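A short write-up of the structure that comes next.
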Amino acid sequence: MLSQLTPQSFAPLHALFKKGRFKEEYNAELYIGEDLLCHVKIFTGRPPYYGPWAEVFNINPRYVATEWERHVYCVLHRYMEPGDVLYAEYVDDLQTFQALQRGEPPEATRLGRLLIHCGYRIVKNWYHPEGWLEGGMKLQAVKV
């Protein structure tokens, strides 16, 4: 169902959708007025080899831990099917980063609790320092 996601799905946010690197991928920029809230990369899947996933990244630090952040994750959950994966970058989320550094389980962090509130049931820490587009500091959440 990620293929049914449209710019209007994120209302009242303004969403600008752009083509991705391949036909199953597209990129969204989400705005609150003139302020960029975050970027979202959506991959609609390539059955039977690759399942759908979405990634939220470059979230504006002013909007971390706000209703706008929650809105983005909950909208994506509504358009996901069981088994679809969400990657949520936490590089600008100091609270989540510090909690993970202290050894708290991912689902007990601020971001993990938010993802569970939106309906995701499996939350993992996926810190892979690979650089540029791959890797990074992300929580992986799966819709069950």
Side-chain angles (χ1 to χ4, degrees), residues 1-47 49-101 104 106-144:
M1 286 197 331
L2 277 174
S3 60
Q4 297 174 359
L5 196 64
T6 67
Q8 294 75 27
S9 303
F10 290 101
L13 297 171
H14 172 70
L16 177 63
F17 278 33
K18 299 178 180 179
K19 292 179 78 166
R21 297 170 290 178
F22 6 87
K23 67 179 182 173
E24 301 90 355
E25 179 187 87
Y26 56 99
N27 302 296
E29 296 174 355
L30 304 181
Y31 292 88
I32 301 170
E34 298 292 317
D35 263 357
L36 178 65
L37 170 61
C38 65
H39 291 93
V40 181
K41 183 172 286 290
I42 296 133
F43 181 73
T44 58
R46 195 178 289 170
Y49 305 107
Y50 302 105
W53 55 266
E55 179 180 2
V56 178
F57 60 100
N58 290 346
I59 188 161
N60 186 326
R62 287 190 304 246
Y63 298 107
V64 169
T66 67
E67 283 299 305
W68 295 115
E69 180 189 26
R70 183 195 61 78
H71 179 71
V72 171
Y73 295 130
C74 288
V75 166
L76 289 169
H77 183 269
R78 260 180 290 182
Y79 284 88
M80 293 179 129
E81 296 182 49
D84 290 358
V85 177
L86 171 75
Y87 298 97
E89 183 181 70
Y90 60 84
V91 70
D92 289 318
D93 180 354
L94 190 58
Q95 188 177 357
T96 296
F97 176 76
Q98 290 174 339
L100 290 167
Q101 291 298 306
E104 289 186 31
E107 64 275 5
T109 66
R110 184 206 66 82
L111 181 56
R113 287 189 309 272
L114 174 60
L115 295 172
I116 289 169
H117 169 78
C118 288
Y120 301 95
R121 292 295 172 246
I122 300 170
V123 180
K124 299 177 185 178
N125 185 20
W126 275 57
Y127 174 68
H128 297 288
E130 298 172 17
W132 208 50
L133 289 177
E134 303 83 22
M137 299 160 51
K138 301 175 181 108
L139 289 187
Q140 178 195 43
V142 180
K143 181 171 182 174
V144 177

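Just so it is clear, the model here is predicted, and its values are computed rather than measured.
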Among residues at least two apart in sequence or on other chains, which ones pass salt bridge (charged side-chain N to carboxylate O under 4.0 Å, His left out) with E34?
none
Applying side-chain contact (heavy atoms from CB on, under 4.5 Å), name anything that partners A108, two or more places apart in sequence or on another chain.
E104, P105
pair W53-I42: side-chain heavy atoms closer than 4.5 Å
no
Pairs where residues 71-85 contributes a residue and the test side chain to side chain donor-acceptor pair (under 3.5 Å) is met, not counting sequence neighbours:
S9-Y79
Partners passing side chain to side chain donor-acceptor pair (under 3.5 Å) against Q8 (at least two apart in sequence or in another chain)
T6
State, to 0.1 Å, how close L111 and E89 come at their nearest heavy-atom pair, and which atoms those are.
CD2-O, 4.4 Å
Residues two or more places apart in sequence or in another chain: which of them pass side-chain contact (heavy atoms from CB on, under 4.5 Å) with R46?
F22, E24, F43, Y50
Quick one: CG on L139 to CG on D93, what's the gap to the nearest 0.5 Å?
8.5 Å
Under 3.5 Å, side chain of T109 to main-chain N/O of P106, donor-acceptor pair present?
yes
Test side chain to side chain donor-acceptor pair (under 3.5 Å) applied to Y26 - qualifying residues, sequence neighbours left out:
none
If you compare all heavy atoms of C38 against all heavy atoms of V56, which two are closest, and at what distance to 0.1 Å?
SG-CG1, 4.0 Å
Could you walk me through whether Y90 and L100 pass the side-chain contact (heavy atoms from CB on, under 4.5 Å) test, one step at a time?
CA-CA 10 Å; Y90 60 84; L100 290 167; 3.5 Å; yes
Return the set of residues passing side-chain contact (heavy atoms from CB on, under 4.5 Å) with D92 (not counting sequence neighbours), or none when no residue passes.
P61
All salt bridge (charged side-chain N to carboxylate O under 4.0 Å, His left out) counterparts of R121, not counting sequence neighbours:
none
Could you tell me which residues satisfy side-chain contact (heavy atoms from CB on, under 4.5 Å) with E29, sequence neighbours excluded, listed by chain and number?
L16, K18, Y31, L36, H39
Once rounded to the nearest 0.5 Å, what's the spacing between atom CD of E69 and atom SG of C74?
10.0 Å
How would you list, by chain and number, every residue that makes a side chain to side chain donor-acceptor pair (under 3.5 Å) with Q4, sequence neighbours excluded?
none
Sequence neighbours excluded, the answer for side chain to side chain donor-acceptor pair (under 3.5 Å) partners of N27 is K41
Is any side-chain heavy atom of L86 closer than 4.5 Å to a side-chain heavy atom of E55?
no
Can you find a heavy atom in the side chain of F10 that is under 4.5 Å from one in the side chain of L5?
yes
Counting C-beta onward and ignoring hydrogens, is there a side-chain heavy-atom pair between V144 and Y120 closer than 4.5 Å?
no
Can you measure from CG (L37) to CD1 (I32) and round to the nearest 0.5 angstrom?
4.5 Å
Residues in salt bridge (charged side-chain N to carboxylate O under 4.0 Å, His left out) with E107, at least two apart?
none
From L94 CG over to R110 CZ, what is the distance, rounded to the nearest 0.5 angstrom?
11.0 Å
In this structure, CG of L115 is separated from CD of Q140 (nearest 0.5 Å) by 11.0 Å
